[in-house]
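Scroll down for the structure; my scribbles are underneath it.
The sequence lines fix the lettering, A, B, ..., with proteins before strands; numbering per chain opens at 1.
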Amino acid sequence: MLTNIPHHDIKTSPMASERYNAPAREKHWQKAWEAGDIFRAENDAQKPKCYVLEMFPYPSGRIHMGHVRNYAMGDVFARYKRAKGFNVLHPMGWDAFGMPAENAAIERKTHPAKWTYANIETMKGQLKSMGLSLDWSREIATCSPEYYAHQQQIFLDLYAKGLAYRKSSKVNWDPVDNTVLANEQVIDGKGWRSGADVETRELTQWFFKITQYSDELLSALSTLDKWPEKVRLMQANWIGRSEGMQVRWKLESKGAPKGFKDLEIYTTRPDTLYGAAFLAISPDHPLAKARAEKDKDLAAFCEECRRLGTSVADLETAEKRGYDTGLRAHHPLDKEWMIPIWVANFVLMDYGTGAIFGCPSGDQRDLDFAHKYDITFQPVILPAGADPATFAIKDKAVDGDGTMINSYDLDGLTPKAAFEKVATRLETEMLGKEPVGERRVNYRLRDWGISRQRYWGCPIPVVHCKTCGVVPVPGKDLPVKLPEDATFDKPGNPLDRHPTWKHVDCPSCGTKAVRETDTMDTFVDSSWYYARFTSPDAKTPIDAKAAAYWLPVDQYIGGIEHAILHLLYSRFFYRAMSDAGHGSSNLREPFGALFTQGMVTHETYKSSGGAWLLPTEIRFDGEGDTRRATEIATGKPATIGSIEKMSKSKKNLVDPDDIIAHWGADCARWFMLSDSPPERDVIWTEAGVQGAGRYIQRVWRLVDDIGGRVPGKIDTRPAQFGPDALDLRRSAHKALDAVGRNIEGLRFNVAVAQLYELTNALQAATSKSSDGMDWAMREAAEILVQMIGPMMPHLAEECWARLGYNTLLANAPWPAADPALLVDDEIVIAVQVNGKRRDELKIARAASQSEVEAAALRLESVVRALEGRPVRKVIVVPQRIVNVVV
RNA sequence: GCGGACGUGGUGGAACCGGUAGACACACGAGACUUAAAAUCUCGAGUUCGUAAGAGCGUGCGGGUUCGAGUCCCGCCGUCCGCACCA
């Protein structure tokens, strides 16, 4: 790597005493970095590696403030790590497949590829204007055949391993995007992208077998100690592990459809089995379907359940309904006891076995159902403290702990003990050739449906042949490229109606066959891009050696909205890829550390007519309570609304380009890092930007002043420093120590505050005279500039040059704090009387406990507070506090 | 309904492991410079009482542990987020 080569084009602004012209100087420094190619990562460096990654953007057209915040944070970390001597990989790419490109094709009659690549061009320019330390040589666009060829290869390898398969199932259908959605992509019954009410349809679809990894994905969460607890919890809940039993109930032969001898249910509470009042099966259960053939009313009921459930939102509010099939089953613990079998609309076919036993006393749903259909039942758990003589269930089921009652041999046991007793008994009893009950772990997680009926996605590389069935496209024929001449003028899948593309000869038997016209969910694209970045030119999907060197990602930064979708898919895909032979098998987690940053928010404005207005369409008068907004175009008053996430629909947007053109990228970056903790939302305000802009000028003036007074390094360090010079040195080294730790911990707002503090101290020092002050000021100025480097890299380069360097600051190593300057000789400790602070005490750091105690008791304010009462005890916490107890 | 996070001045927020609450910034007020404004610089400020010195009260509310609680424990209230017929 090129380090610290003298750079010929480095010079300070022509008139150094003028205001710092950020937009002009920023372009200059960006060119200097680019000319030196200094952010290129090497795959075989001897230095320790650090892979810093921000979630790559969708090329929607322009970057927004959320991107600025995300990439500013990642850049601080990347630049800091580079300065700390790491071989840093900090790449950027484009999540380039997806619906908006296709919508643009429909609306503007431009091809999705053309639209996408034009957007990439624009956004790349915008990102470059931010001054990010990115290695652009590794740029990836997921829509390029070079990328998706490898994805198709991975798909085929997963298919060969049985990790990709096809099945017919109920799917979530988005009627606006005209495509299916995975469960994770349905939020509150609406499509995650379109916001449309999702419907249920039966379709044959491609799936990835994520459920094969349920247990691993869950248990490995505990190893992700550098992930937010919140995200781990959300994933754990999503995977939804439950321990229970599968229990067979012998059907009463009378009336049972042919071939049905028993009914298998799933329960997590076998302890409450004596509380069973009914069995309930899904309308889609085979037994329901078989019975419906002979029972017209039942058939109608099942049909109604299905029809009612077209929208997921409806399903969730639908009332509990059931139909008594007339069938009966023998209770597994008491063969003489007959339990009725119902079909119920709230039983899901694809969870457990699609059949349950209803225990009304312990489950609210079952209780509601029993009340509605007058099914009698007995409570089986007596809560602690309840009176057995009067205890009864009314409208509320009781699902807490307690003592078993009305349960024969289980009476008096705890539910836990009863669970074990029942489980052991049912495991050993046989029904036919199989045990009555088996312990079973169930997961809420379903397989990941990846089929999308869209054009702008990675084609699924298989062919459907009448004789051979599903035939993978041979490796030599990859990639299966998207046809460029698709049409977008009508709804539906352009691939499916393309006149020639889908018609091919079967790779196996040579007869006429058709291509799969589904494309992959774009979340597949983003499930492995981080791995491709480690070897973007490899002939195979990933180069095992490069992946082993770089992965896992050392710091991943992105939005919380991907807590489940992208992050769970990536954790699965990385494992699946590895198990299918790509990369090393012992690397299971792609992201070692995860940080989820908050959103960027802004005030909203409405015109007198009620239309949303852009901040740039408003003029403000007054301050505080008297602040008023006026619509510039009409001169009419406008309303100032609540603070919301920046969005196109509410028009509360600030364009990063405008900010960068006017204030500079450093200003935008600094604002994003100041004040708000990075995981929380930040409110973008004009006052805040101005504050950041003021600080930039202040730093420049200060460094300019010092650079003028002490133009070069003073070779010999003074042997003696006066008190003020020593104070300044202490401030600088303390800040250095603290800022490093805070950047490391991503506490940027705290680091920023410490930089302000050092700036204040340095500024104050310029008007003081003290032995060695010139040397101390230069030292402090250099330290300040170096610490500003990761956050405001352009300003820092400018200052670095002003301090006389003709090398790039971006290549300079991070300075080391002098431990001797981190501790003070004299410290101030607080003195309390009875826990109440009364005074403070300035004393030598080395003072003994008894010296501190004596000094504290001598304080006038302490004597006064004692009011002559005898001192009972004195607590001295070294270097912190003294508490006098009376 | 279940699970989780959070609650600190006018505002954003700081406070390591229980040890001086309010760092730093924004907004505000006063002053300096200026013909004036902008810019910049200096000073002030949690709140109540007091001319002041000082004292009382203060981290959503109520209790507790402790020499000492923003921090730990118990119970409420509020805000935000995630999940939700998952048997």
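Atom CG of A:Leu784 sits about 4.5 Å away from atom OG1 of A:Thr759, to the nearest 0.5 Å. The line from CD1 of A:Ile265 to CD1 of A:Ile281 is 12.5 Å long, rounded to the nearest 0.5 Å.
Pairing partner, B:G31: B:C41, with both Watson-Crick or wobble hydrogen-bond distances short of 3.5 Å. Across all strands shown, B:U79 is found opposite B:A5 as a Watson-Crick or G-U wobble partner, with both distances under 3.5 Å. If you check B:G70 for Watson-Crick or wobble pairing at under 3.5 angstrom, you find it has no partner at all. When Watson-Crick and G-U wobble pairs are counted only if both distances are under 3.5 Å, B:A23 pairs with no nucleotide at all. With a 3.5 Å ceiling on both atom-pair distances, the Watson-Crick or G-U wobble partner of B:G54 is B:C49.
The side chain of A:Leu348 approaches B:C86 more closely than any other nucleotide in the set B:C86, B:A55, B:C67. Checking B:A15, B:C24, B:C26 against the side-chain heavy atoms of A:Val750 singles out B:A15 as nearest. Distance from the side chain of A:Ala753 is smallest to B:A23 among B:A87, B:C83, B:A23.
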Nucleotides 3-6 of chain B: which of its N/O atoms have a protein N/O under 3.5 Å away?
none

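Rounding to whole angstrom units, OH of residue A:Tyr266 and P of B:A87 are separated by 7 Å. B:C86 atom P lies 10 Å from atom CZ of A:Arg444, rounded to whole Å. The CD1-P distance, from A:Ile239 to B:C83, rounds to 14 Å in whole Å. Taking atom CG of residue A:Asp675 and atom P of nucleotide B:A14, one finds them 10 Å apart after rounding to whole Å. As a whole-Å value, the separation of A:Gln754 CD from B:A15 P is 9 Å. The nearest whole Å value for the distance from the CZ atom in A:Arg837 to the C1' atom in B:C57 is 16 Å.
Distances shown here put every side-chain N or O of A:Arg880 at or beyond 4.0 Å from the OP1 or OP2 atom of B:G18. The phosphate of B:C67 has neither OP1 nor OP2 within less than 4.0 Å of any side-chain N or O from A:Asn834.
Sparse packing is recorded around NZ of A:Lys645, with 12 or fewer heavy atoms of other residues, nucleotides or ligands lying under 6.0 Å away.
The same atom, C1', is picked in B:G10 and in B:C76; the two are 29 Å apart, to the nearest Å. The separation of B:U79 from B:A15, taken at their P atoms, amounts to 27 Å, rounded to a whole angstrom. Taking atom C1' in both B:G3 and B:C17, one finds a spacing of 29 Å when rounded to whole Å. Taking atom P on both B:G4 and B:A53, the two are 50 Å apart, rounded to the nearest angstrom.
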Practice task
For A:Asn652 and A:Glu603, run side-chain contact (heavy atoms from CB on, under 4.5 Å): C-alpha distance rounded to whole Å, both residues' side-chain angles, the deciding distance at 0.1 Å, then the answer.
Solution key: CA-CA 6 Å; A:Asn652 56 342; A:Glu603 266 182 348; over 6 Å; no
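On a pure distance criterion of 3.5 Å, no polar donor-acceptor pair joins the side chain of A:Arg741 and the base of B:C16.
By the 4.5 Å heavy-atom criterion applied to side chains, A:Leu426 and A:Leu333 are counted as neighbours. Considering only heavy atoms from C-beta on, A:Ile356 comes within 4.5 Å of A:Asp366 through its side chain.
Ring centroids of A:Trp663 and A:Phe671 are separated by 6.0 Å or more, keeping the two rings apart.
Using a 4.0 Å cut-off between charged side-chain N and carboxylate O, A:Arg741 and A:Asp737 make a salt bridge.
For B:C17, the glycosidic angle deviates from 0 by 90° or less, giving a syn base. In this structure B:G18 sits in the anti conformation; its chi angle is more than 90° from 0.
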